[in-house]
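Lettering of chains follows the sequences in order, A, B, ..., and the numbering in each one begins at 1. The structure presented is a predicted model; accordingly, all values stated were derived computationally and were not measured. Note: hydrogens, waters and symmetry copies are ignored here, and every other heavy atom, side chains too, is used.
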There are 2 protein chains.
Amino acid sequence: MAAKPRSASKRSQRTKLQPIQEASSEPPLSRERIVAIAVELLDAQGIDGLTMRRLADRLGSGVMSLYWHVDNKEDVFDLALDSVLEHRGSPETGESPDWRGDVVHMLEDWRARMLRHPWSASLLPRRALGPNILSRLEMLSKTLSRAGVADANLNAAIWSLWNYVMGATLTRASFDLSEEDRAAAQQRLTHLSEHYPTIERSRLLLDNDWDGAFRKGLDFLLDGLSPR
Amino acid sequence: MAAKPRSASKRSQRTKLQPIQEASSEPPLSRERIVAIAVELLDAQGIDGLTMRRLADRLGSGVMSLYWHVDNKEDVFDLALDSVLEHRGSPETGESPDWRGDVVHMLEDWRARMLRHPWSASLLPRRALGPNILSRLEMLSKTLSRAGVADANLNAAIWSLWNYVMGATLTRASFDLSEEDRAAAQQRLTHLSEHYPTIERSRLLLDNDWDGAFRKGLDFLLDGLSPR
DNA sequence: CATCGTATGGTACATCGTACTAGTCAAGCG
DNA sequence: CGCTTGACTAGTACGATGTACCATACGATG
């Protein structure tokens, strides 16, 4: 009666030997393979490009076979997101004297990883507390604590940095997707410069130095966070 | 042959008089009515609860009639989002001496509006440069400029605040939706306190004072932004 | 009366996620 | 050896969805 395993791990505990799987075509299905191909598909076709049928096609399997390894499509999204946020805890946990540099480095890596897969930003609005995220939060917490941030401010400080990174990534990803919209917006804006004179003058929407702006804003925030 | 109007305004220019529309049941369709009901539906049923069929039902119209007023479902989402972000430019544009208070007030209003419609956060990842957002950016820009932020830092400052608000709203909305997940996470975390000792100790995931944390983080950021 | 722009809505279709069901194959056991 | 069992694969089918296409209705204008 093949009881469908509960939502948790049903991954092959890889008993003795995998049955040779002659070189014919496809390796056996596995969560890892599903997630990997899902990410490929998302990278290539965007968020709407991922359908269970396409995923199965690319894996050379039947559609319903996926559901043995995965609960549903939501599950695929969650796994794909988590795989993008991968983070191996730095081995030198916390004796570097340059705490600011450490924080900046970790957060820039975080942002860069997500921007390499722009669809990940639009998946953020779902619960996302996988081990990778927790590990990053832990690193933040430890470093800030070490830097002398007061305990009463610690949580607020962590969330501030998290929020900033999420917002910046989201903004960057969505603007990147629609370069022409931005042009159109600036167009409209120039046309309506009577309504929005200040942002028109500062060319807010034409400024393309996203990385620089991210770094600068992060510096503002860290300036404010630094214990005085 | 009834050329379908281009994507722009086809809204009734309300020629002379609407044809009485006897009290039978429904007022005529209009963009405004569609958006209003869409927001109701989204509030009640969440993002997946909005379907064109349901929308038409609630409006007492046929499904395809919607498409006269609206390009497609994406369009409905965009309009709904914009309607949530409504912003009437403050009449006292910029002579208040308390620039910090002005900024905080506007951003808190922004966040509050979005949290009143939690689905709006998950719509953010799309291009969203409607007039309401532009108006808020303009206000930010003007106020910061008045406060003495250097021109070279102005754009970065604006984006920092924007990013922070977006991230904070997104985080808050997604955590709010899954209270039980948070409990489960903290459970898992307590269990794995060896891996995440610092955030376990600071009870990061149990801290419920979102409003306070938002305000505190905003203060950090504004501290860093303030010209020295 | 004829024509046209505005507006409405029914039918139909392709596509989606996935429930249900049946199948295959290897390992364990009598 | 045959039988069972459990891990895994897959075809079929169903209900839901967005929307293209088409027919229609009606007031205003000629």
Atom pair distance, as rounded to whole Å: [atom1] in [X] and [atom2] in [N]:
X	N	atom1	atom2	result
B:Leu66	D:dA20	CG	C1'	15 Å
B:Tyr67	D:dA23	OH	C1'	19 Å
A:Met52	D:dT9	CE	P	13 Å
B:Lys73	D:dA16	NZ	C1'	11 Å
A:Asp57	C:dT15	CG	C1'	14 Å
B:Ile34	C:dG9	CD1	P	11 Å
A:Arg31	D:dC8	CZ	C1'	15 Å
A:Leu55	C:dT15	CG	C1'	16 Å

- How close do A:Leu42 and A:Ala80 get, heavy atom to heavy atom, and via which atoms?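 Of all heavy-atom pairs spanning A:Leu42 and A:Ala80, the closest is CD1-CB, 4.0 Å.
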- Item | For B:Ala121 against B:Leu170, the heavy-atom pair lying closest together |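 So the minimum-distance heavy-atom pair works out to O-CD1, 3.4 Å.
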- Of B:Arg53 and A:Thr51, whose nearest nucleotide on DNA chain C comes first from the 5' end?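 Nearest-nucleotide comparison on DNA chain C picks B:Arg53.
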- Message: Measuring to OP1 and OP2 of C:dT6, would you say a side-chain N or O of B:His69 lies under 4.0 angstrom away?
- Response: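 Answer is no, no contact under 4.0 Å.
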- Message: For a quick test of reading the model: is some side-chain N or O of A:Ser65 closer than 4.0 Å to OP1 or OP2 of D:dC8?
- Response: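 Answer no for this pair, as no side-chain N or O of A:Ser65 is under 4.0 Å from OP1 or OP2.
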- D:dG30 - base-pair partner by Watson-Crick or wobble geometry, distances under 3.5 Å: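 D:dG30 is paired, partner C:dC1.
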Between [options], which nucleotide gets closest to the side-chain atoms of [X]?
X	options	answer
A:Arg54	D:dG18, C:dT8, C:dC16	C:dC16
B:Trp68	C:dA7, C:dG9, D:dA10	C:dA7
A:Met64	C:dG9, C:dT18, D:dG18	C:dT18

- Hey, are B:Asp109 and B:Arg113 close enough for a salt bridge, meaning a charged N less than 4.0 Å from a carboxylate O?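 Salt bridge between B:Asp109 and B:Arg113, a charged N being under 4.0 Å from a carboxylate O: yes.
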- Is a side-chain N or O of B:Arg111 found less than 3.5 angstrom from the main chain of B:Val165, in a donor-acceptor match?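 No: the side chain of B:Arg111 does not pair with the backbone of B:Val165.
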- Regarding A:Arg172 and the six-membered ring of A:Phe214, is the cationic atom NZ or CZ under 6.0 Å from the ring centre and inside 45° of its axis?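 Judged by the rule, A:Arg172 and A:Phe214 form no cation-pi pair.
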